[in-house]
Amino acid sequence: MIYLDNAATTPLTDPVFKKMTEVMALQLANPSSIHAHGRLANQKLREYRQTIADLLNTSANHIIFTSGGTESNNTAIKGYALAHQDQGKHLITTAIEHHSVLHTVEYLEKQFGFEVTYIKPVNGVIRTADVVAALRPDTILVSMMYANNETGDLLPIAEVGKMLEQHPAAFHVDAVQVAGKIALEPEKLGIDFLSLSAHKFHGPKGVGVLYQNQQHFDPLLHGGEQENKHRASTENLIGIAGMVQALQDSCDKLSDNWAHVTSLANLFLKELSGLDYYLNSSEDALPHVLNIGFPNANNSVLLTQLDLQGYSVSTGSACTAGTVDPSHVLAAKYGQESHRLKESIRISFSELNTPEEVTGLAHLLQSLLGEN
Ligand code: PLP
């Protein structure tokens, strides 16, 4: 079976697997316990936190361990908005965010009377000028993804961070798709909250990070003083250890991995030559995500055909997978009625994929769609 759905999740690499089994064997105690076993666990936790902080070029007191991207996004948005609602109830986000952002701001709209401006792509891209134009005196938070999970499109995070220096609104960035692919330095980019998720960079599922720059915010989980009172619950030491190894390894190989997935994407498109297709990603996009459409294809049928031949790809967000829902991202870019919503699939590569795998997929697509 060939796995080409790495924007949905990535397999553990061997070093990550090894690290997690080693840490599991240590039978670490509860890091909050004051006895020697607890102190040892706490020492490990401190080391892990420091490594993540070093990788993000920040200090350890800015790092909160969470259960993943969804929790990090919920904590930043709900936690900040609810704690600062006396200063304003206007939020800005984009129409192409992951549902863990979109459904969270919708919840704030419905339950707490917040007003949300959704920035739409213009000619396929989210523009800084539109974000700036949407700012109001009562805007307290701007939440934008670093790169889109369905198309790989990169958003103008550095530019927006710069513009927000002139405005008191906090800046949350969902960096789930770029962590381990691009060097991340939230402090340099004017970011107040940054969400990461280990399983997108070959770490385990169910663990992530929220970088926060000490802004006051309400915790999502109550019932303990862990994570400097920002996130109750005993820390997932085995998962955190795996995540640390995975982020370290990915950051050590950023340019090699970028070159590898770029060459896989180029090879794949070369091997498709002769077949009619179009790309749904903008020019400025992550190279490992190819959102590609085939005129007159039916993407759910195509996915099933590929699956039967052992190739795992998707139509977009994993969180709506299982059902092939029309993509809200392609709808925002091309319109709800666009043929692209029914014809497009997402193929996403990782450092573990090989040229043979992508050539195999291209040839299979040629044989399935060639006579269209
Ligand atoms: N944000 C983005 C951009 C994602 O792609 C995902 C996962 O698909 C998430 C958030 C959610 O992360 P997690 O699966 O760790 O909750």
Side-chain angles (χ1 to χ4, degrees), residues 3-12 16 52 64-79 93-107 118-119 121 126 143-155 157 172-182 184 186 191 193-211 220-221 231 233 236 239-240 242-244 246-247 250 281-282 285-286 288-291 312-325 327-330 332-333 346-350:
Y3 186 75
L4 290 164
D5 195 15
N6 291 281
T9 194
T10 48
L12 299 183
V16 172
I52 296 287
I64 302 172
F65 291 120
T66 68
S67 66
T70 300
E71 186 191 320
S72 295
N73 288 344
N74 270 262
T75 304
I77 298 170
K78 273 187 232 166
T93 190
T94 81
I96 60 167
E97 298 297 309
H98 187 264
H99 285 128
S100 57
V101 168
L102 289 176
H103 291 176
T104 302
V105 295
E106 280 164 23
Y107 168 80
Y118 298 87
I119 307 295
I126 298 289
S143 177
M144 271 175 76
M145 60 194 343
Y146 206 124
N148 184 266
N149 47 304
E150 297 194 28
T151 59
D153 287 354
L154 285 155
L155 279 73
I157 295 303
H172 166 245
V173 175
D174 174 353
V176 165
Q177 286 294 334
V178 299
K181 278 132 195 138
I182 291 179
L184 287 171
I191 293 172
F193 295 96
L194 185 84
S195 304
L196 314 187
S197 175
H199 73 102
K200 307 287 183 174
F201 49 84
H202 301 285
K205 294 166 200 24
V207 58
V209 167
L210 177 63
Y211 159 88
L220 200 62
L221 304 182
R231 200 261 182 187
S233 183
N236 169 6
I240 292 169
M243 171 167 68
V244 169
L247 193 59
S250 303
S281 304
S282 305
L286 293 170
H288 73 285
V289 183
L290 273 186
N291 197 309
S312 297
V313 301
S314 84
T315 50
S317 163
C319 308
T320 48
T323 59
V324 179
D325 289 341
S327 157
H328 71 283
V329 176
L330 296 187
K333 279 187 88 167
R346 180 187 68 183
I347 301 160
S348 47
F349 311 110
S350 88

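Atoms within a ligand are numbered from 1 in the order they appear, just like the ligands themselves. Residues: numbered from 1 along the sequence shown.
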Would you say K200's side chain and V178's backbone share a donor-acceptor pair under 3.5 angstrom?
-> no
Is a side-chain donor or acceptor of D153 paired with a backbone partner of S282 at a separation under 3.5 angstrom?
-> yes
Between H328 (side chain) and E97 (backbone), is there a donor-acceptor pair under 3.5 Å?
-> yes
Check each of T66, N74, T70 against atom 11 (C) of ligand 1 and report the one with the nearest heavy atom.
-> T70
Between M145 and ligand 1, which residue portion shows a heavy-atom distance shorter than 4.0 Å: side chain, backbone, both, or neither?
-> side chain
Short question: side chain of N291, backbone of S281 - any donor-acceptor pair under 3.5 Å?
-> no
Has ligand 1 got any nitrogen or oxygen that is less than 3.5 angstrom from a nitrogen or oxygen of K200?
-> yes
Going by heavy atoms in the side chains, are F65 and V209 under 4.5 Å from each other?
-> yes
Hey, does the side chain of H202 reach the backbone of P11 with a donor-acceptor pair shorter than 3.5 angstrom?
-> yes
Is there side-chain contact between Y107 and N74, with heavy atoms separated by less than 4.5 Å?
-> no
Those atoms of ligand 1 less than 4.0 Å from some heavy atom in G68 | 15 (O)
For D174, the ligand 1 atoms whose distance to one of its heavy atoms is below 4.0 Å | 1 (N), 2 (C), 3 (C), 10 (C)
Give the contacting part of H199 toward ligand 1: side chain, backbone, both or neither, where contact means a heavy-atom distance below 4.0 Å.
-> side chain
Going by the atom numbers of ligand 1, which of them fall below 4.0 Å from some non-hydrogen atom of S197?
-> 13 (P), 15 (O)
Residues A285 and T151: closest non-hydrogen pair is CB-O, 4.2 Å
Checking heavy atoms under 4.0 Å, the part of T9 that sits near ligand 1 is neither
Is G208 near ligand 1, meaning one of its heavy atoms is under 4.0 Å from it?
-> no
Taking both backbone and side-chain atoms of S100, is any N or O found less than 3.5 Å from an N or O belonging to ligand 1?
-> no
Can an N or O of A7 be found at a distance shorter than 3.5 Å from an N or O of ligand 1?
-> no
